[in-house]
Amino acid sequence: GGADPGPRPEATGPKTVHVSADPGADWLRVGPSFLHDMNEYARASAEGGLELGYALSRGVDDVRDSGQYAVLTPAETVALAQRQGGLTLNPLCGGIPPAIAWESLRLLETEVLPHLDGPSPAR
């Protein structure tokens with residue numbers, strides 16, 4: 001067996017956040033990857049007899065409505081981070097293309113992190 005990973009943090013918000021200048025358009029770009037992620041975790045948890053909070057979904061609208069995946073503007077991301085005390089990010093979630101993931105990370109760096117308390121990212 002492997003090392004004990006320790007306690008699993010309790011999620012208080014979306015399992016991943018994608019920061020976007022245009023959430024409506026980006027749901028079309030990242031939604032299929034989120035759908036794949038949700039369905040793979042749903043299958044794996046069912047096969048393993050685990051309850052991880054994922055349900056098989058028929059489409060991107062189901063994933064969006066679940067609240068487990070979020071595509072937010074920088075201002076919405078700042079508000080969520082302040083409300084929750086942090087964020088969960090998975091930039092390549094479900095196979096999001098790296099170029100799209102980098103767009104999100106750059107917005108996080110330039111338009112979200114400067115508005116949050118805490119250390120500045122290393123350069």
Side-chain angles (χ1 to χ4, degrees):
D4 179 0
R8 211 169 64 201
E10 291 298 321
T12 58
K15 294 181 186 321
T16 190
V17 173
H18 179 85
V19 186
S20 171
D22 185 348
D26 273 348
W27 261 110
L28 297 175
R29 299 192 312 157
V30 301
S33 297
F34 288 165
L35 175 64
H36 174 73
D37 186 74
M38 178 174 251
N39 284 340
E40 288 303 307
Y41 273 104
R43 283 186 196 96
S45 61
E47 289 170 9
L50 302 171
E51 178 47 54
L52 300 177
Y54 293 91
L56 283 174
S57 298
R58 292 189 178 128
V60 172
D61 288 342
D62 287 348
V63 175
R64 184 182 310 152
D65 293 345
S66 78
Q68 293 179 308
Y69 301 81
V71 180
L72 304 174
T73 65
E76 292 169 334
T77 304
V78 168
L80 178 66
Q82 289 171 336
R83 197 168 51 248
Q84 293 184 158
L87 294 170
T88 301
L89 303 173
N90 183 356
L92 300 174
C93 182
I96 292 173
I100 295 172
W102 275 115
E103 291 172 16
S104 176
L105 290 171
R106 286 185 188 104
L107 284 172
L108 179 79
E109 177 188 27
T110 61
E111 297 188 33
V112 174
L113 292 179
H115 301 284
L116 300 177
D117 293 334
S120 298
R123 295 214 175 249

- Taking all atoms of both residues into account, what is the closest heavy-atom pair of Ala42 and Leu56, and its distance? CB-N, 3.6 Å
- Message: Are Val78 and Leu116 packed together at the side-chain level, in the sense that at least one heavy-atom pair is separated by less than 4.5 angstrom?
- Response: yes
- Message: Measuring from atom CD1 of Ile100 to atom NE2 of His18, what distance do you get when rounded to the nearest 0.5 angstrom?
- Response: 7.0 Å
- For Gln82 and His115, which heavy atoms make the closest approach, and how far apart are they? NE2-O, 3.5 Å
- Message: Could you check whether Arg83 pairs with Glu76 (Lys NZ or Arg NE/NH1/NH2 to Asp/Glu carboxylate O, under 4.0 Å)?
- Response: no
- Nearest heavy-atom neighbours spanning Cys93 and Ser33: O-CB, 3.4 Å
- Task: Mark yes or no for whether Ser57, through its side chain, and Gly59, through its backbone, hold a donor-acceptor pair below 3.5 Å.
- Result: no
- Message: Taking Leu28 as the starting point, is it possible to reach Val17 by hopping between hydrophobic residues whose side chains are less than 4.5 Å apart?
- Response: no
- Is a donor on one side and an acceptor on the other found under 3.5 Å between the side chain of Ser104 and the backbone of Val19? yes
- Keeping the roles fixed (side chain from Thr110, backbone from Leu108), state whether a donor-acceptor pair exists under 3.5 Å. no
- Message: Does the Lys NZ or Arg CZ of Lys15 fall within the cation-pi geometry relative to Phe34 - under 6.0 Å from the ring centre and within 45° of the axis?
- Response: no
- Query: Closest approach of Leu107 and Pro74, non-hydrogen atoms and distance?
  - Reply: CD2-CG, 4.3 Å
- Message: Quick check on the hydrophobic clustering: are Leu92 and Val63 connected, directly or via other members, by side-chain heavy-atom contacts under 4.5 Å?
- Response: no
- Sub-3.5 Å donor-acceptor pair from the side chain of Tyr69 to the main-chain atoms of Met38, do we have one? yes
- Closest heavy-atom pair, Leu105 versus Pro91, reported as atoms and distance to 0.1 Å, is CD2-CG, 3.8 Å
- Item | Any side-chain donor near an acceptor of the partner, Tyr54 and Asp37, under 3.5 Å | no
- So do the side chains of Arg64 and Trp27 get within less than 4.5 Å of each other, counting heavy atoms only? yes
- Distance col, row Asp61:CG vs Asp65:CG, nearest 0.5 angstrom, shows 6.0 Å
- Item | Lys/Arg N to Asp/Glu carboxylate O, Arg43 vs Glu40, below 4.0 Å | yes
- Heavy-atom check, side chain of Leu72 versus side chain of Pro23, under 4.5 Å: no
- Message: Could you check whether any side-chain heavy atom of Leu80 comes within less than 4.5 Å of a side-chain heavy atom of Leu87, counting everything from C-beta outward?
- Response: yes
- Can you sort out the partners of Asn90 under side chain to side chain donor-acceptor pair (under 3.5 Å), two or more places apart, ordered by chain and number? none
- Once you round to the nearest 0.5 Å, how far does CD of Gln68 lie from OG1 of Thr16? 11.5 Å
- Item | Point-to-point distance, once rounded to the nearest 0.5 Å, from CD of Glu103 to CG of Asp26 | 6.5 Å
